[in-house]
> 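Just dropping this structure here.
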Amino acid sequence: MDVPLPHLDRPFDYLVPEALDADARPGVRVKVRFAGQLVDGWLLERAEASEHPKLAYLEKVVSPVPVLSPEVARLARAVADRYAGSLADVLRLAVPPRHARAEKAVTAADAPPSADADADADADADADADADADADARVGGRAEVDPRGWRDYPAGPALLRALTDGKPARAVWSALPGEDWADRYADAVAATVAGGRGAVVVVADARDLDRLDAALTAVLGAGRHVRLTAADGPARRYRAFLTARTGEVDVVVGTRAAMFAPVRRLGLVAIWDDGDDLHAEPRAPYPHARDVLLTRAQLGDVAALVGGYARTAEAQLLVETGWAREVVADRAVVRARTPAMAPTGDDPQLARDPGAASARLPSLAWTTARDALRADLPVLVQVPRRGYVPSVACADCRAPARCPHCAGPLALPSAQGTPACRWCGRVAAAYACPECGGRRLRASVTGARRTAEELGRAFPGVPVRTSGREEVLAGVPGGAGLVIATPGAEPVAEGGYGAVLLLDSWALLTRADLRAGEEALRRWMAAAALARPGTAGGRVVVVADGALAPVQALLRWDSAWFAARELAERRELGFPPAVRMASVTGVAEAVADLLAGARLPGEAEVLGPVPAEEGRERMLVRVPRSRAAAMAEALHAAAGQRSARKAADPVRLQVDPLTLF
DNA sequence: ATAATAACGAGA
DNA sequence: CTCGTTATTATC
C-alpha cells in the first residue's frame with residue numbers, strides 16, 4: 001500500500017478479477033480501493049487463499065511491467081526495518097516514478113512483454129540455481145580479468161579472482177594517492193561480469209559518475225552498462241531503470257538513486273568515497289547508500305567493495321568485526337606514491353614575502369606554489385566553500401579577527417551574538433582589531449573567487465581557474481596554472497599537480513561535529529591524491545598544526561590508522577558506529593509522547609533533549625549494536641500507535657543520523 | 001478520510 | 001435495560 005502511515009505498514013489481501021489475472025503478477029503497480037478511496041499499491045505476491053473474511057477486488061493494474069523485483073522487495077523491507085521506516089517510503093526511493101513514454105519505448109524494443117516478464121520472474125525466483133548452472137557452464141572457459149592496477153595492493157588480484165568466481169568477497173579498499181579509482185572499479189565490475197554476474201556501483205556526484213561511466217565504457221565496451229541518476233531527468237532515469245529491470249544490461253552505475261537498482265544475478269555492490277555526505281538519502285527513512293548496499297550484499301550472497309582515499313569509521317568497523325577484508329598497499333608502495341607533504345602554521349613571518357603577503361599565504365605555501373609554477377606544473381589550491389564556516393573579520397580593514405588569548409579564529413554563533421573563539425571558547429566581548437583598532441566585525445570566509453583574485457595578483461601572468469559550486473571543472477591541462485577549488489570540486493590535472501595547497505584548514509577541523517576530523521582528512525586526501533608523487537616533484541602543503549591526528553594521517557597517508565583511532569574514540573564515547581543511535585525530532589510533547597509509547601529494549605539510553613530547528617527538540621536513543629533491530633522496531637511501532645490515533649504533531653525518526661548535535 | 005465498533009451515560 | 005451519543009480503531 002503506497003501510504004506512508006506507519007500503522008499501515010503491512011500487506012493487505014485483495015481478490016484478483018478474472019480480467020486482471022494475466023497482468024496481476026508480483027512486482028506490478030496496482031490501484032486498490034482502501035478506506036473508500038483509490039490508492040496506489042504494490043502487488044507483492046499471489047496467494048490461493050486469505051485469512052481475511054471480506055476481500056475487495058483489485059481495481060486496476062497500472063502497468064503490466066513488474067518493476068519491483070523480488071530481490072529489491074526483500075531489500076526494501078530490510079531497509080525499512082533497519083531505519084524504523086515504512087516499506088512504502090523505501091519503495092518510493094527504490095522504484096523511480098513511472099514514465100509511460102519511456103516504458104512504451106523499452107517494452108516495445110523488447111520481445112513480447114508478457115513472455116519477457118515470465119522469464120524474468122523465474123530467473124529471480126531461481127537466482128541460486130541460475131548461479132550454479134552458470135558456474136558449471138563456466139568451468140574451464142572462464143575469462144580471467146587482468147588485475148592491472150590492483151597489483152599494487154597485495155590482496156587486489158585475489159579480490160578480482162573471487163569476483164570472477166562468484167564468491168561473496170567483501171573488501172574495504174584504501175586507494176593510493178594518484179590512483180585512478182574509476183579504472184579500478186571498472187576492473188572489479190569487469191571481473192564480476194566475466195563470472196556471469198551483474199553489479200551495482202554507487203558514487204557521490206555527477207562528476208564521479210561521468211568518470212566511472214567513461215572507465216566502464218573503456219573496459220566493457222558500450223551498451224554493457226547503464227547509468228542511473230535522478231539528475232538525468234525522470235524519463236532517462238526510468239528508462240535506465242527498465243533497461244536494468246528487464247535484464248537488458250546487468251551493470252548499473254549511478255548516484256544514490258541507483259542503490260536499489262534491480263540487477264539480474266547480482267554479484268557485486270560497490271561504493272566509492274563512502275564518507276561523502278551525499279550518500280545519505282535526505283528523504284524518509286533516510287537510508288545511507290553504504291548501508292543499503294551492504295544490506296544487499298548480506299541478503300544476497302553478493303560481494304561488496306567499499307573504497308575511498310580515506311577510510312570512514314564505518315568501514316573500519318567492517319574490517320575490525322571481520323565482516324570485510326582490507327585491501328591496502330604496502331607501506332613501501334605508499335611512500336613511493338605519496339607526494340612530499342608538509343604542514344605549516346599560519347606563520348607570523350608571512351609579511352616577509354611581498355607576494356605571499358598580498359595573497360595572505362603562509363610563506364611555505366607561497367614558495368611551494370612558486371616552485372611548481374616555475375617547473376611548468378599546475379597548482380591546486382583548496383579553499384572552503386563560502387558560507388561553510390562563519391569566521392569573522394574586522395569590518396574596516398578585513399583583517400581576520402583572532403582570539404586575544406590564543407590567537408584562534410573568532411566566530412559568530414549568530415548574526416547578533418557575541419564573537420567567541422573557536423579554539424579556546426573564550427568570549428571576546430570587547431574586541432578591538434589589532435591592525436586598525438576597529439571595533440566592528442563582519443562574518444566572512446574568503447571564498448574561492450576572492451582567493452583566486454588575490455593569487456592571480458601574487459603570481460602575475462599565470463592562468464587562474466576556479467572550480468566550485470557554480471561551475472565544476474572535470475580536468476585541467478598539465479602546464480603552469482593555478483586552480484582554486486572548493487572541496488569536492490577539485491579537477492584532475494593532466495600528469496598530476498606539482499603542488500597542492502590546503503588552506504583554511506582550521507575551518508574544517510574546528511567544526512562542532514563528530515566527524516570533523518574524518519571529514520577534513522577525507523577532503524585533504526581527495527585533493528592530495530591529485531598531486532604527482534614526491535619522486536616526480538609533487539608537493540602538498542597543509543596549513544595546519546602537524547601534531548593533530550588528521551594532519552598526521554595525511555602526512556603518512558594512513559587513513560586506516562586514523563579510522564581505527566576514530567572508531568576507538570567513538571567506542572569510548574558511545575557514538576556511532578560503535579553503537580546504534582536514533583534521533584526523535586518534533587515538538588516537545590510529541591517527542592515525549594512517542595518515547596513514552598515505545599517499548600525500547602532494556603539497554604536503551606535516552607539522551608537529550610537538545611534544541612532543534614524552530615520550536616522543535618530532539619532526543620537521542622542509544623543502544624548497543626546487538627539491540628539495533630529491537631530499537632528500530634520499537635520506534636516504528638510507537639510511531640504506528642501515534643499515526644493510528646491521528647496524533648497531530650509529526651515526529652521525525654532518524655536511525656543513524658549523519659549529524660548528532 | 002470514514003465507517004464500523006466499543007464505550008459510556010442519561011432517561012425510562 | 002435501551003437508545004443515542006461519543007471515543008476508538010481498523011481500513012483487505
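Since we're looking at a predicted model, the values are computed, not measured. Protein chains get the first letters and strands the later ones, always in sequence-line order, with residue 1 at the start of each.
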> Rounding to a whole Å, what distance do you find between Arg33(A):CZ and dA10(C):C1'?
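Checked: the CZ to C1' distance equals 18 Å.
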> Nearest-Å distance, CZ (Phe34(A)) to P (dT2(B))?
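My rounded result for the distance is 14 Å.
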> Mind calculating the distance between CD (Gln37(A)) and C1' (dC12(C)) to the nearest angstrom?
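Going from Gln37(A) (CD) to dC12(C) (C1'), I get 15 Å.
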> Starting from P on dA10(C), measure out to NZ on Lys54(A) and report it in whole angstrom.
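After rounding, the reported distance stands at 12 Å.
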> Can you tell me how far C1' of dC12(C) sits from CG of Leu38(A), to the nearest Å?
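From Leu38(A) CG to dC12(C) C1': 14 Å.
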> What is the separation between atom CD on Gln641(A) and atom P on dA10(C), rounded to the nearest whole Å?
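Value for this atom pair: 11 Å.
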> Check whether any side-chain nitrogen or oxygen of Arg10(A) sits under 4.0 Å from OP1 or OP2 of dT11(C), and answer yes or no.
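Looking at the OP1 and OP2 atoms of dT11(C), one of them is under 4.0 Å from a side-chain N or O of Arg10(A).
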> Hey, does Leu8(A) reach any base, or is it just sugar-phosphate, or nothing, if we go heavy atoms under 4.0 Å?
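Since a base atom lies under 4.0 Å of Leu8(A), the category is base.
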> Do Trp42(A) and Pro26(A) make a side-chain contact, defined as non-hydrogen atoms from C-beta onward lying under 4.5 Å apart?
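No, their side chains stay 4.5 Å or more apart.
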> Run the numbers on Glu566(A) and Arg570(A) for salt bridge (Lys or Arg N to Asp or Glu O under 4.0 Å), then give the verdict.
CA-CA 6 Å; Glu566(A) 192 72 14; Arg570(A) 305 228 193 131; 3.3 Å; yes
> Please examine the side chains of Leu8(A) and Phe34(A), heavy atoms only from C-beta on, and report whether any two atoms are closer than 4.5 Å.
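Heavy-atom side-chain distance check passes, below 4.5 Å.
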> Would you kindly give the OH-to-P distance between Tyr57(A) and dC12(C), to the nearest whole Å?
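After rounding, the gap between these two atoms is 15 Å.
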> Please state whether the phosphate of dT11(C), meaning OP1 or OP2, lies under 4.0 angstrom from any side-chain nitrogen or oxygen of His52(A).
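True: His52(A) side-chain N/O within range (under 4.0 Å) of dT11(C) OP1/OP2.
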> Mind checking whether Tyr57(A) and Leu20(A) have side chains closer than 4.5 Å, heavy atoms only?
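A side-chain contact is absent here, since even the closest heavy-atom pair is not under 4.5 Å.
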> Find the distance Leu15(A):CG to dC12(C):P and express it as a whole number of Å.
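These atoms are roughly 12 Å apart.
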